[in-house]
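The structure appears below as C-alpha cells.
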Amino acid sequence: KNMSDKRELPIGIFDSGMGGLTVLKAIASLLPAENLLYLGDTARLPYGTKGRDTIVRYTLLAAGKLVEIGVKMLVVACNTATSAALPVLQKEFAPIPVLGVIGPGARAACQASKNGHIAVIATQATVQGGAYQHAIDAINPGAKVTARACTLLVSLAEEGWTEGPIARAVLARYLDDIFHDPDAPDTLLLGCTHFPLFLNSLREVVGEETRIVDSASATAEDVAKRLDELGILRAGGETGKRDFLTTDNPERFTRVGGHFLGVAMNRNQARLVDL
Ligand code: DGL
C-alpha cells in the first residue's frame, strides 16, 4: 500500500473488554482526525485472573482480527495483555507497529514521583508478570515499587459502582496498609484500564497529596510520536471514524462502555464479531 492509503487506515485498539475505551478516549482527543477501530474481547473477559499462556493466546486472536480487517498500528489498550503478550505481538505482526500501555504508564509514574516510591494497582496477572516493576526499574533503577492486585475493581467498574461507600470500602481494604505507612508511596499508578473510573474515590482513600497517574494520555502521546515518525499521521480537519467491535453482547458493551468513554453509546454503535 502506498503512504496515502496507509494514512487512511484505522489505528486498531484492543482490550479484553470496555476498559480500553479510556485509552481510545485519550487517543481520540489528541488525534481527532485518526480513524479508530476498537475491539473489546468481552466474550473472554476478564483476562486479569487467567494464566499467561491463555492471555497470550486470546490476545493473538484478537489482534489478528484487527490486522485481518486492516490497521496501520495496533495499540494494546489493556495492561494485562500488554504485560503478557507485547513482545509476542510485535514479532507476530511486524512490520505493523504494536504499542502497549505499560511503558507509557511507567514513564508517567516516574515523572510524577518525587520520593521514588510508586504504588501500582493492577490485575493479578499484571502484578504477577512483574512488567510494571521491570519497566519502572528500567527508567529509574532506584525506584521502589509496591504492586497490588485489585481484582474486585474490574467488576465494580463494570457495575458502575465507582463512587460511594462500597467503592470506598473496597479501595480502603486494598490500599490502606500501603498508604498509612511512614514510607508511603507519593504516586499511585493505575495499571489497569478500568481504574481511571475510580479517580474521585481513590482521592478520598489515598489523600490529596498522592499523585494519581494512568497510562491513557502517555500512550496517546506515544501513538502520535510513532505515527509521525513513520509518516502515517492522518492530517485534515474532519474527525475520523470510530468503529467498535465486540465478541459478545453489543447491548451490554455499549451500555457499560459509555461509563468508560464518558459519553453514552447506543446499541448500534458496536458490531458483534467472532474470533
Ligand atoms: N483491561 C484489563 C487491564 O487493563 C483489565 C480487565 C481484565 O481483567 O480483562 O488490565
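Just so you know, ligand 1 is whichever comes first in the structure, and atom 1 is the first atom listed for that ligand. Along the sequence shown, the residues carry numbers beginning at 1.
At a 4.0 Å heavy-atom cut-off, ligand 1 touches N79 through backbone and side chain alike. With a 4.0 Å cut-off on non-hydrogen atoms, T49 does not touch ligand 1 at all.
Residue-ligand proximity, G48 to ligand 1, at heavy-atom distances under 4.0 Å covers atoms 7 (C), 8 (O), 9 (O). In summary, the atoms of ligand 1 found under 4.0 Å from a heavy atom of H194, numbered by their order in the structure, are 1 (N), 5 (C), 6 (C). Of all the atoms in ligand 1, the ones that sit under 4.0 Å from a non-hydrogen atom of P46 are 7 (C), 8 (O), 9 (O). Remark: ligand 1 atoms within the under-4.0 Å shell around heavy atoms of T123 are 5 (C), 8 (O), 10 (O). Taking every heavy atom of Y47 and a limit of under 4.0 angstrom, the matching atoms of ligand 1 come to 7 (C), 8 (O), 9 (O).
Nearest to atom 9 (O) of ligand 1 by heavy-atom distance, out of S16, S155, G40, is S16.
No side-chain donor from either of T193 and T22 sits under 3.5 Å from a side-chain acceptor of the other.
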Might you work through the side chain to side chain contact (heavy atoms under 4.5 Å, CB included) test for L153 and L156, ending with a clear yes or no?
CA-CA 5 Å; L153 300 188; L156 279 180; 4.2 Å; yes

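From the protein, the heavy atom lying nearest to atom 10 (O) of ligand 1 is T80 OG1, 2.6 Å. Counting only heavy atoms of the protein, atom 5 (C) of ligand 1 lies nearest to C192 SG, 3.4 Å. Ranking the protein heavy atoms by distance from atom 2 (C) of ligand 1 puts C78 SG, 3.4 Å first.
Within 6.0 Å of CZ in R173 there are 12 or fewer heavy atoms belonging to other residues, nucleotides or ligands. Counting non-hydrogen atoms of neighbouring residues, nucleotides and ligands closer than 6.0 angstrom, the CG atom of D53 reaches no more than 12 such neighbours. For CG of D274, the number of neighbouring non-hydrogen atoms (other residues, nucleotides, ligands) closer than 6.0 Å is 12 at most.
Ion pairing between a basic and an acidic side chain is recognised when a charged N comes within 4.0 Å of a carboxylate O; D222 and K225 show no such pairing. A salt bridge is defined here as a Lys NZ or Arg NE, NH1 or NH2 lying under 4.0 Å from an Asp or Glu carboxylate O, and K72 with E34 meets this definition.
A side-chain contact (heavy atoms from CB on, under 4.5 Å) with Y38 is found for exactly one of I27, L21, L245, namely L21.
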